[in-house]
Protein chains: 2
Amino acid sequence: MRRTKAEAEETREAILEAAERIFLENGVNQSTLMQIAECAGVTRGAIYFHFKDKADIYKSIVDRIRFPQEDLIEQAQSGEQVDPLDLLLEAGISCLQTFVEDERQQRVFTIIHQRCEYVGELSEVLDRLREVNTRVHQLFVRLLQTCKRRKMLSPDWTPEDAARALIASMSGLLNEWVRTDKAFDLVDVGTKSTRALIASFRRNADISIAACGTSPDALLSAGMHAKTKEVTNHGRKARAKLES
Amino acid sequence: MRRTKAEAEETREAILEAAERIFLENGVNQSTLMQIAECAGVTRGAIYFHFKDKADIYKSIVDRIRFPQEDLIEQAQSGEQVDPLDLLLEAGISCLQTFVEDERQQRVFTIIHQRCEYVGELSEVLDRLREVNTRVHQLFVRLLQTCKRRKMLSPDWTPEDAARALIASMSGLLNEWVRTDKAFDLVDVGTKSTRALIASFRRNADISIAACGTSPDALLSAGMHAKTKEVTNHGRKARAKLES
DNA sequence: ATAGAAACATACATGAATGTTTGTAAATAG
DNA sequence: CTATTTACAAACATTCATGTATGTTTCTAT
């Protein structure tokens with residue numbers, strides 16, 4: 001019953017696919033290798049040939065997806081010359097956009113946040129998540145520090161706190177969206193929330209009256225007048241530019 | 001070895017206390033009744049006397065704490081005559097405040113959100129959480145609808161979306177705070193974030209320049225000039241009024 | 001062509017957690 | 001005062017997931 005190398009890779013993928021389904025249904029710890037094998041149409045032996053144990057399967061699942069935050073990092077590192085706050089807004093929005101479109105990302109996100117107790121071997125997965133998160137945080141802090149140097153950051157916010165707030169807002173939105181079973185328009189609500197937050201980051205924008213003297217260009221670049229559609233398209237264009 | 005009724009209640013509490021610790025360390029499903037018994041200084045027999053099974057213990061733990069959202073509901077229902085948006089801001093802030101002060105709330109929150117796979121019996125706990133959340137959401141929607149009737153709500157936001165955004169922001173803040181092991185000042189960052197969000201809810205406040213003509217009173221009531229300390233004290237006062 | 005190894009299936013051994021049953025000492029009701 | 005029930009402890013039986021060991025077939029390299 002030996003298969004060719006390509007077929008073997010197929011069964012490996014089938015196992016990962018099955019594990020994703022079973023994990024989502026039963027939780028990582030409660031899922032048994034037997035269930036996964038059954039769902040994949042193989043025996044437990046096949047699983048033990050391809051993977052060391054259940055934790056290994058889970059790590060493989062998490063490793064093969066791209067996190068929404070990683071898209072965000074790549075995108076945010078592209079244009080350093082533009083307004084960092086605009087860049088944050090666009091990156092955040094297109095991050096939400098890709099998340100909405102990628103069902104696998106959503107499934108794995110749900111597993112990670114609602115279907116796993118991180119203990120023992122499993123906590124290694126958490127370590128990777130933490131690492132990605134700190135990278136995002138540091139990136140945000142760097143961007144916000146340049147804002148501060150350019151006197152564009154509101155005195156209310158430190159770069160660190162602003163970064164925390166942004167990350168909390170984004171992760172809160174993603175979590176609520178999956179928890180409520182997509183009960184609202186993630187991109188729409190997320191765009192408005194993020195825009196509100198970033199608006200408060202701007203010097204002289206946190207207190208409404210102080211913005212009167214600024215030029216129309218400054219207001220436009222603040223993204224306050226742009227309609228949702230235009231902004232998301234803008235974000236998409238930026239991403240398309242990256243992929244080329 | 002029969003104990004008096006009061007002593008029995010003590011051991012019951014000891015079991016719950018121990019379970020809280022063990023669940024936090026090992027996750028609900030990974031924790032064994034033996035570990036809990038050992039930690040509580042009893043045998044498994046005692047646990048099976050007081051509780052049906054592990055799910056029963058977990059439900060008891062969740063039932064005996066007050067959720068941050070429940071504080072929020074009570075508080076937000078007190079004064080209907082004031083500006084609903086101010087009320088939302090104050091309620092949110094004092095909700096964060098009590099969460100920071102209540103270590104048990106934090107522990108159980110961590111268990112709920114990071115140490116449990118909700119499957120089978122355990123999902124009943126999730127049902128209760130969902131119910132609390134929908135109550136909060138409906139309350140928010142009601143408040144925001146009165147805003148809309150009074151022409152105080154920005155045309156950018158529907159009451160539903162604004163409620164979602166607020167809930168997502170709050171839960172995101174709480175989650176990030178416990179996930180990062182209290183790496184930032186929750187009340188401080190939370191106050192600024194929430195204030196920014198609610199500011200964007202206000203009609204003529206979402207676009208900075210439009211607020212120029214409004215009276216100083218309107219700006220003050222928008223909470224944009226108040227320092228953090230004053231607002232939190234305000235929130236506390238409101239809570240103290242409730243307890244009397 | 002054939003030796004070896006790859007890609008599994010099957011069978012077994014182990015341990016660990018659960019639920020249940022039985023035992024028992026002390027409190028409490030009558 | 002004693003009869004019964006309470007509040008556990010201790011022992012037992014059962015299930016069940018895991019890991020490993022072994023078997024089998026087919027690919028593949030030489």
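So that the names make sense, note that chain A is the first sequence line, chain B the second, and so on, each numbered from 1. As the structure is a prediction and not an experimental result, all values here were calculated from the model.
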Tell me the interatomic distance from [X], atom [atom1], to [N], atom [atom2], rounded to whole angstroms.
{"X": "B:I57", "N": "C:dT18", "atom1": "CD1", "atom2": "P", "answer": "9 Å"}
{"X": "B:I36", "N": "C:dG19", "atom1": "CD1", "atom2": "P", "answer": "12 Å"}
{"X": "B:K5", "N": "D:dT6", "atom1": "NZ", "atom2": "P", "answer": "9 Å"}
{"X": "A:D53", "N": "D:dA17", "atom1": "CG", "atom2": "P", "answer": "16 Å"}
{"X": "B:R44", "N": "D:dA11", "atom1": "CZ", "atom2": "C1'", "answer": "10 Å"}
{"X": "A:L33", "N": "D:dC16", "atom1": "CG", "atom2": "P", "answer": "16 Å"}
{"X": "A:Y48", "N": "D:dA17", "atom1": "OH", "atom2": "C1'", "answer": "8 Å"}
{"X": "A:R3", "N": "C:dA9", "atom1": "CZ", "atom2": "P", "answer": "6 Å"}

Looking only at side-chain N and O atoms, does [X] come under 4.0 Å of OP1 or OP2 in [N]?
{"X": "A:T11", "N": "C:dA7", "result": "no"}
{"X": "A:H50", "N": "C:dC8", "result": "yes"}
{"X": "A:T4", "N": "D:dT28", "result": "yes"}

Task: Sugar-phosphate only, base, or nothing, as touched by A:T32 at under 4.0 Å among non-hydrogen atoms - done: sugar-phosphate
- [ ] Looking at every strand, decide which applies to B:T43 at a 4.0 Å heavy-atom threshold: base, sugar-phosphate, or nothing.
- [x] base
Open item on the list: Parallel, tilted or perpendicular: which one describes the rings of B:Y58 and B:Y118, with boundaries at 30° and 60°?
Closed with: tilted
Task: Salt bridge flag under 4.0 Å for residues A:R135 and A:E131 - done: yes
Task: Carboxylate-amine/guanidinium proximity below 4.0 Å for A:E20 and A:R64 - done: yes
Open item on the list: Do A:V108 and A:F67 make a side-chain contact, defined as non-hydrogen atoms from C-beta onward lying under 4.5 Å apart?
Closed with: no
